[in-house]
Enquirer: 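I am attaching a structure below and will ask some questions about it afterwards.
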Amino acid sequence: MKKIINILALAVVVIATTSCGSHTGVTTPMRDAQHIAYLAETVTSEAELRQVEKLAAEMEHTYRTSFNGAKAREFKRLVEPILNEAGDRRDMYREAEEWLKGQQRLLRSTLDDLERAWSMALGTAEEEWAKIEAKLAESLALADEASEIEARKEQLAMDIVEAGYPEAMLNELGELEKAIEAKAEQIEAVAKEANIIVLAWQLQHGEDIIALMNPQEDSAVADIENVEE
């Protein structure tokens, strides 16, 4: 009998220990909300926000299961605006990081363009101007092709609505959207080729090839950029 009692006592201790371990420790809703607020002040990333949200959820669960619904609701009411503010702060840091990455990409691209322009082998002004005009003609042709695809996409979108959104037509619409994006990338690449020639001439000869070869017009390359936009 004594042995059975000892076994039962041990079982009670194990169950109690396991039960305690399954809950996150709490004090009072106000004090625990202040703790969450303190942690939320340092949130700058998605991972950090998720950690704070997880802790808050565990505390709320503990209040609900170990105390009563009133305490759980009070804790949730206090914590919700804190987590919302932390999410807004996270978004602000993420936007700042994306802006910085964009500036870094722009700087690298500019430096690459300068290096390429400095090292570009140039012919005569007439030869380089002919290349620029060819790029302009190519970009205009690509823009016309993009306009045709855009018109087909718009017509297909209307046909899809009338047909009840069949999957095959939706897939075709997706392919047209990809084709439009590809044309835009091609136009951008052609415009960049022309701009590199202009930049190379400016760096290597110290003059504007556009003004030199076509002083009556503002800029042929500007036409390429307009097509690109």
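Quick caveat: nothing in here was measured; it's all calculated off a predicted structure.
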Enquirer: Contact between Asp208 and Trp201 at the side-chain level, heavy atoms closer than 4.5 Å - yes or no?
Expert: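 No, their side chains stay 4.5 Å or more apart.
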
Enquirer: Walk me through whether Gln51 and Lys54 qualify under side-chain contact (heavy atoms from CB on, under 4.5 Å).
Expert: CA-CA 5 Å; Gln51 289 178 349; Lys54 180 182 178 182; 5.7 Å; no

Enquirer: Start with the C-alpha distance between Glu95 and Trp99, add both sets of side-chain angles, then the distance that settles side-chain hydrogen bond (donor to acceptor under 3.5 Å, both in side chains), and finish with yes or no.
Expert: CA-CA 6 Å; Glu95 290 173 3; Trp99 179 86; over 6 Å; no

Enquirer: Do the side chains of Leu39 and Glu48 get nearer than 4.5 Å, heavy atoms only?
Expert: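 Answer no - side chains too far apart.
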
Enquirer: How many angstroms lie between atom CD1 of Ile180 and atom CZ of Arg152, to the nearest 0.5 angstrom?
Expert: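 Interatomic distance, Ile180 CD1 to Arg152 CZ, rounded to 0.5 Å: 8.5 Å.
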
Enquirer: Leu176 and Ile160: same hydrophobic cluster, using ILVMFWY side-chain contacts below 4.5 Å?
Expert: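 Per the 4.5 Å side-chain linkage, Leu176 and Ile160 are co-clustered.
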
Enquirer: Which pair of non-hydrogen atoms, one from Glu41 and one from Arg89, has the smallest distance, and what is that distance?
Expert: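 Answer, listing the atom of Glu41 first, then Arg89: CA-NH1, 3.8 Å.
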
Enquirer: Could you point out which residue of Ile36, Ile82, Val79 forms a side-chain contact (heavy atoms from CB on, under 4.5 Å) with Val52?
Expert: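 Exactly one option meets the side-chain contact (heavy atoms from CB on, under 4.5 Å) with Val52, and it is Ile36.
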
Enquirer: Answer yes or no: is there a donor N or O on one side and an acceptor on the other, between the side chain of Gln202 and the main chain of Val198, under 3.5 Å?
Expert: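 Checked: no pair found.
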
Enquirer: With the side chain counted from C-beta on, respond yes when Glu53 and Arg50 share a heavy-atom pair under 4.5 Å apart, and no when they do not.
Expert: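 Result yes, sub-4.5 Å side-chain heavy-atom pair found.
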
Enquirer: Report all side-chain donor-acceptor pairs from residues 104-119 shorter than 3.5 Å, counting only partners two or more places apart or in another chain.
Expert:
residue, atom, partner, partner atom, Å
Thr110, OG1, Leu106, O, 2.9
Asp113, OD1, Lys192, NZ, 3.3
Arg116, NH1, Glu193, OE2, 3.4
Arg116, NH2, Glu193, OE1, 2.8
Arg116, NH2, Glu193, OE2, 3.0
Ser119, OG, Glu115, O, 3.0
Ser119, OG, Arg116, O, 3.2

Enquirer: Give a yes or no on whether the backbone of Thr28 and the side-chain of Tyr63 come within a donor-acceptor separation of less than 3.5 Å.
Expert: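 Checking the backbone N and O of Thr28 against the side chain of Tyr63, a donor-acceptor pair under 3.5 Å is found.
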
Enquirer: Has the side chain of Glu60 got a donor or acceptor atom that lies under 3.5 Å from a matching backbone atom of Lys76?
Expert: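 No, the answer is negative, given that no donor and acceptor are paired below the 3.5 Å cut-off.
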
Enquirer: Could you tell me if Thr124 and Glu128 have a donor-acceptor pair between their side chains, going purely by distance under 3.5 Å?
Expert: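 No.
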
Enquirer: Assess whether atom CE of Met30 is packed by more than 12 heavy atoms of other residues, nucleotides or ligands within 6.0 Å.
Expert: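 Not more than 12 within 6.0 Å, no.
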
Enquirer: Closest approach of Leu49 and Ala86, non-hydrogen atoms and distance?
Expert: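 Minimum heavy-atom separation between Leu49 and Ala86: CD1-CB, 3.8 Å.
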
Enquirer: Tell me yes or no: between the side chains of Asn84 and Glu80, is some donor less than 3.5 Å from an acceptor?
Expert: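 The criterion, which ignores hydrogens and geometry beyond distance, is not satisfied for Glu80 and Asn84.
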
Enquirer: Would you give the length of the straight line joining atom NZ of Lys135 to atom CD1 of Ile197, rounded to the nearest 0.5 angstrom?
Expert: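 Atom-to-atom, Lys135:NZ and Ile197:CD1 are 6.5 Å apart.
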
Enquirer: Is Asp32 reaching over with its side chain to a backbone N or O of Thr27, donor-acceptor style, under 3.5 angstrom?
Expert: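 Answer holds: yes.
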
Enquirer: Mark yes when over 12 heavy atoms from residues, nucleotides or ligands other than Glu207 sit less than 6.0 Å from its CD; otherwise mark no.
Expert: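 More than 12 heavy atoms, drawn from other residues, nucleotides or ligands, come within 6.0 Å of this atom.
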
Enquirer: Above 12 or not: heavy atoms from other molecules or residues under 6.0 Å from NZ of Lys131?
Expert: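 Counting other residues, nucleotides and ligands, NZ of Lys131 exceeds 12 neighbours.
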
Enquirer: Any ion pair linking Glu181 and Lys178 (charged N to carboxylate O, less than 4.0 Å)?
Expert: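 Salt bridge absent between Lys178 and Glu181.
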
Enquirer: Any side-chain heavy-atom pair from His35 and Leu55 closer than 4.5 angstrom?
Expert: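 A side-chain contact exists here, since the closest heavy-atom pair is under 4.5 Å.
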
Enquirer: Starting at CG of Asp88, measure out to CG of Leu83 and round the result to the nearest 0.5 Å.
Expert: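 Reported to 0.5 Å precision, the distance equals 11.0 Å.
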
Enquirer: Could you pull out all residues at least two apart from Lys183 that satisfy side-chain hydrogen bond (donor to acceptor under 3.5 Å, both in side chains)?
Expert: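 Per chain and number, Lys183 pairs via side-chain hydrogen bond (donor to acceptor under 3.5 Å, both in side chains) with Glu145.
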
Enquirer: I'd like to know if Leu173 and Tyr165 are part of one continuous hydrophobic network [Ile/Leu/Val/Met/Phe/Trp/Tyr, side-chain heavy atoms within less than 4.5 Å].
Expert: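 Yes, Tyr165 and Leu173 fall within the same hydrophobic cluster.
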
Enquirer: Please name all residues satisfying side-chain hydrogen bond (donor to acceptor under 3.5 Å, both in side chains) with Arg94, sequence neighbours left out, ordered by chain then number.
Expert: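 side-chain hydrogen bond (donor to acceptor under 3.5 Å, both in side chains) check on Arg94 returns Asp91.
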
Enquirer: If you look at every heavy atom in Leu212 and Ala125, which pair is closest and at what distance?
Expert: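 The answer is CD2-CB, 4.0 Å.
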
Enquirer: Out of curiosity, Glu167 CD to Leu170 CG, how far, rounded to the nearest 0.5 Å?
Expert: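 That separation rounds to 7.5 Å.
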
Enquirer: Kindly compute the distance separating CD1 (Ile149) from CG (Leu156), expressed to the nearest 0.5 Å.
Expert: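 With rounding to 0.5 Å, CD1 (Ile149) is 13.0 Å from CG (Leu156).
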
Enquirer: Measure the OH-OG1 distance between Tyr93 and Thr44 for me, rounded to the nearest 0.5 Å.
Expert: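 Separation between the atoms: 6.5 Å.
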
Enquirer: If hydrophobic clusters are built by linking Ile, Leu, Val, Met, Phe, Trp and Tyr wherever their side-chain heavy atoms come under 4.5 Å apart, do Tyr38 and Val26 end up in the same one?
Expert: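 In one cluster with Tyr38: Val26, yes.
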
Enquirer: What do the steps show when you test Gln204 against Met120 for side-chain contact (heavy atoms from CB on, under 4.5 Å), and what is the final call?
Expert: CA-CA 9 Å; Gln204 296 182 32; Met120 178 178 286; 4.2 Å; yes

